[in-house]
Amino acid sequence: MRKINIVIMGKTGSGKSTLVNTLMGKPVAKVGAGGRQTFENTLYTTRHNGSQLNLYDTVGLESNDALNKQTLHKIKKRIEESNWKLAENDINAVWYCINANGAKFEDVESTFINSLVYTYEIPFVIVLTRAHSHKYANALKDQILKGYPVCKVISVLAEEFVAGTDIHIPPYGMNELLHLTIDKYDLIKRMALGHKNDVLNERIAKLEKERAADIARKRKKAKKKIKTAATTAFTLGCIPGISFLSLQGPTIGGYSGINSVFGIRMNEDTVTEIVATCIFSIITLPIFAIPVVSGSLAKSMVEDCCNKYLDAVTEVYRQSSAGELTDARLTAERVKLQLSELLKKKEG
Ligand SMILES: Nc1nc2c(ncn2[C@@H]2O[C@H](COP(=O)(O)OP(=O)(O)OP(=O)(O)O)[C@@H](O)[C@H]2O)c(=O)[nH]1
Ligand SMILES: [Mg+2]
């Protein structure tokens, strides 16, 4: 028999168990106002148009609640199991319930949905429950669709709403909700995939932003190291008779400082070797033969070498994964290659 598996989730008091009771046609689940009513995720099974309708009524989610973790863990297990057993025409979906009466769709709620959709690609419908007021329900629907343009939001009143002696609002929306979930399953499935892509793109954009900020921070710190090396070079350059070779010391200091800022492990010999390559490529032979350098020339040379090295390290850091960066040999090779390309560019 075709199975229709629906996980009903949402915050406490949103009316999840009332939806269940309406679909079951009898009061199987405890409902009530004033605090949590459902304390265990519970599966209810009934028939719907010849199919088996499995309703998974869940514990209400609350901000920073210790039970959330447990509830979500069980929900994930339930979705996994249902996905695993899913036959061709079966349905596996989530109804995320939100009390329509002035309630807000909170960030933490979109995080709950996103984590499910991202991991399981599970189709979902946002159900605005207790929607006796169309005005409130529509306002909330607009708010949700702003953040979630590609999703279905449906208002329902599972049980008649009675106010005073004359106001009786009859239930509505349940058939539409079932129709959307069952007959338009392919549509909500496509929407879930689209949503997953949006979530993925958002995550990538966030990651890139964080990475750019991290690189900018590291470069700023590295510039300070370069400044220290340049100051030492200036002092050395002012000593009469000092040779260009003596500038290797502060340059090595600058390179090592840059490495430490970027978390690059490199042994001293490698640093010395790279420094030599860099210095020789920058100093033309006739200048190199001159024994005395001025302070400012020494400073600008070391700065130049260090800045080139910083650009090379930045590029390698940008392109490497965290795991690759722990491989000292691989990183050293990449830095050398990057630096030689930068130096060639300058020559060209
Ligand atoms: N009139 C009317 N009242 C509703 C409707 N849905 C929920 N309520 C009322 O809202 C209150 C909370 O409903 P529940 O179904 O217990 O909510 P829940 O989401 O299961 O709550 P927890 O189990 O605590 O997470 C109850 O007093 C319900 O009678 C509805 O469609 N119509
Ligand atoms: Mg309940």
Side-chain angles (χ1 to χ4, degrees), residues 208 210-348:
E208 277 171 357
E210 281 170 6
R211 203 157 163 74
D214 169 51
I215 288 175
R217 257 192 320 270
K218 285 189 163 53
R219 280 184 67 87
K220 203 172 162 193
K221 268 193 188 170
K223 289 276 184 188
K224 281 191 187 151
K225 306 274 181 191
I226 295 176
K227 205 171 166 194
T228 310
T231 309
T232 313
F234 182 85
T235 315
L236 281 174
C238 293
I239 301 170
I242 201 106
S243 92
F244 273 102
L245 273 182
S246 64
L247 297 183
Q248 258 186 329
T251 316
I252 290 172
Y255 282 27
S256 302
I258 294 168
N259 284 344
S260 76
V261 167
F262 282 85
I264 288 173
R265 288 184 293 136
M266 200 182 275
N267 65 43
E268 238 173 78
D269 288 351
T270 314
V271 180
T272 312
E273 180 199 326
I274 298 177
V275 166
T277 325
C278 196
I279 289 189
F280 280 115
S281 80
I282 283 177
I283 302 169
T284 51
L285 222 58
I287 300 176
F288 195 57
I290 301 167
V292 185
V293 290
S294 76
S296 48
L297 180 58
K299 178 175 176 262
S300 82
M301 269 182 46
V302 169
E303 255 171 7
D304 197 14
C305 282
C306 288
N307 280 323
K308 292 240 155 31
Y309 187 72
L310 173 58
D311 287 346
V313 166
T314 305
E315 209 40 47
V316 170
Y317 182 79
R318 208 192 301 276
Q319 288 169 10
S320 307
S321 68
E324 286 170 328
L325 285 173
T326 60
D327 186 333
R329 261 183 60 185
L330 175 75
T331 310
E333 285 314 310
R334 286 186 176 172
V335 170
K336 279 187 210 168
L337 194 73
Q338 191 66 42
L339 189 63
S340 80
E341 272 170 23
L342 281 175
L343 293 170
K344 255 191 249 155
K345 247 187 225 164
K346 193 209 167 198
E347 281 163 20

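Source: prediction; values computed, not measured. For reference, positions follow the sequence shown, starting with 1.
- Partner of Arg334 under the side chain to side chain donor-acceptor pair (under 3.5 Å) criterion, chosen from Gln319, Glu324, Glu315: Glu324.
- A distance of 12.5 Å separates SG of Cys278 from CD of Glu273, quoted to the nearest 0.5 Å.
- Under the side chain to side chain contact (heavy atoms under 4.5 Å, CB included) test applied with Lys218, the options Thr314, Val261, Ile258 reduce to a single match, Val261.
- Note that NZ of Lys344 and CG of Leu339 are 11.0 Å apart. Values are rounded to the nearest 0.5 Å.
- Here side chain to side chain donor-acceptor pair (under 3.5 Å) pairs that include residues 254-263, with residues two or more places apart or in two chains, are Asn259-Tyr309.
- Within the model, atoms CD1 of Ile226 and OG1 of Thr251 stand 11.0 Å from one another, a figure rounded to the nearest 0.5 Å.
- Interatomic distance, OG1 of Thr326 versus CD1 of Ile264, reported as 11.5 Å (0.5 Å rounding).
- Remark: Lys223 NZ to Leu310 CG distance equals 5.5 Å, nearest 0.5 Å.
- Between Leu247 atom CG and Lys299 atom NZ the span is 13.0 Å, to the nearest 0.5 Å.
- Using a 4.5 Å heavy-atom threshold, the side chains of Ser320 and Thr331 count as separate.
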Exercise for the section: Determine, step by step, whether Ile239 and Leu236 satisfy the side-chain contact (heavy atoms from CB on, under 4.5 Å) criterion, reporting the C-alpha distance in whole Å, the side-chain angles of both residues, the deciding distance to 0.1 Å, and the verdict. Expected result: CA-CA 5 Å; Ile239 301 170; Leu236 281 174; 4.1 Å; yes
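- By the 6.0 Å contact criterion, CD on Glu210 is enclosed, its count of non-hydrogen atoms from other residues, nucleotides or ligands being greater than 12.
- Of all heavy-atom pairs between Ala233 and Ala298, the closest is O-CB, 3.3 Å.
- Residues Thr235 and Thr232 form no side-chain contact, since every pair of their non-hydrogen atoms from C-beta on lies 4.5 Å or further apart.
- Contact between Phe262 and Ala222 at its shortest, heavy atoms only, is CE1-CB, 4.2 Å.
- The pair Arg211-Glu208 does not meet the salt-bridge criterion, since no charged nitrogen lies less than 4.0 angstrom from a carboxylate oxygen.
- Arg318 and Asp214 are not joined by a salt bridge, as no carboxylate oxygen comes within less than 4.0 angstrom of a charged side-chain nitrogen.
- With respect to Lys336 and Glu333, a salt bridge is recorded, a charged nitrogen being found less than 4.0 Å from a carboxylate O.
- Smallest separation of non-hydrogen atoms from Cys238 and Gly295: SG-CA, 3.8 Å.
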